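Note sheet for the following structure.
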Amino acid sequence: MDTRRILLVEDEAQTRSVVEAYLERDGYWVTAVGDGARALEAFGQHKYDAVVLDLNLPNVSGEEVCRRIRDASDVPIIMLTAKGAEEERIAGLDLGADDYLVKPFSPRELVARVRALLRRARTETEPQRSRVEYGPLEIDLAGHRVYVDGGEVELTASEYKLLTTLSRYPGRVYSRMELVEKVLGYDFEGYERAVDSHVKNLRAKLGDDPKEPRFIHTVFGVGYRFESPQESS
Ligand code: CA
């Protein structure tokens, strides 16, 4: 397989060189830059397989970099955000970032996330499957039917959409706002809590305990993420 290119955007020199070293050790070809303007310049010059983007940057902000990259490409983007900066995180996900890590993070965790994003980006281009299995959960996409431990589960249209949206990319974090748009088709904030109700009902039907979920995990302060029990074990 050819070498994968990663664009790393981080203004703190120490963090930048540590992350760069970890990514290179994992076999990636890394372009590391320290500000938003250089990030956009680099992005215009090469094709990258993934972008690791610090949100808090000098000159052009991380949000702006994220927006411009997303306008031009579907490249996976993983954001690095400050501790406690929930709004920043949500804004980033709404701008089309695929995942985020809160500082201080373990470089090993970052490498694992990058690897997962690249794996996911590959499966996105595969032909649509009609039936998918996640451990005990089975979704018949052609027949719109859902089974848990072999038994059929009756879902409402919104619950079905929510489940297929979340499970399509296991591990990807979805903000409530994003789920409102994708699942309910509304586009204003008052409906974000409606997502929580649908998740609650969906979990009950799937037999998923919110305290120890098998499938649908809460991402505190942000939204939800689907995990396949096969992969997380
Ligand atoms: Ca920074």
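Each ligand, and each atom within it, is numbered from 1 in the order the structure gives. Just so it is clear, the model here is predicted, and its values are computed rather than measured.
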When D196, V219, L162 are each screened for side-chain contact (heavy atoms from CB on, under 4.5 Å) with Y224, the one that passes is D196

Does L110 reach the side chain of L80, with side-chain heavy atoms less than 4.5 Å apart? yes

- Message: Could you tell me if the side chain of Y160 sits less than 4.5 Å from the side chain of L141, heavy atoms only?
- Response: yes

Exercise for review: Look at E109 together with R113 and state whether they make a salt bridge at an N to O cut-off of under 4.0 Å.
Suggested key: yes

Using distance only, find each side-chain donor-acceptor pair of residues 20-27 under 3.5 Å and give its atom names and separation, not counting sequence neighbours.
from	atom 1	to	atom 2	distance (Å)
D26	OD1	R115	NH2	3.3
D26	OD2	R115	NE	3.2
D26	OD2	R115	NH2	3.3

Count of protein N, O or S atoms below 3.0 Å from the Ca ion (ligand 1) equals 3

Exactly one of F226, Y169, Y147 clears ring-ring contact (aromatic ring centres under 6.0 Å, His included) with Y134, and that residue is F226

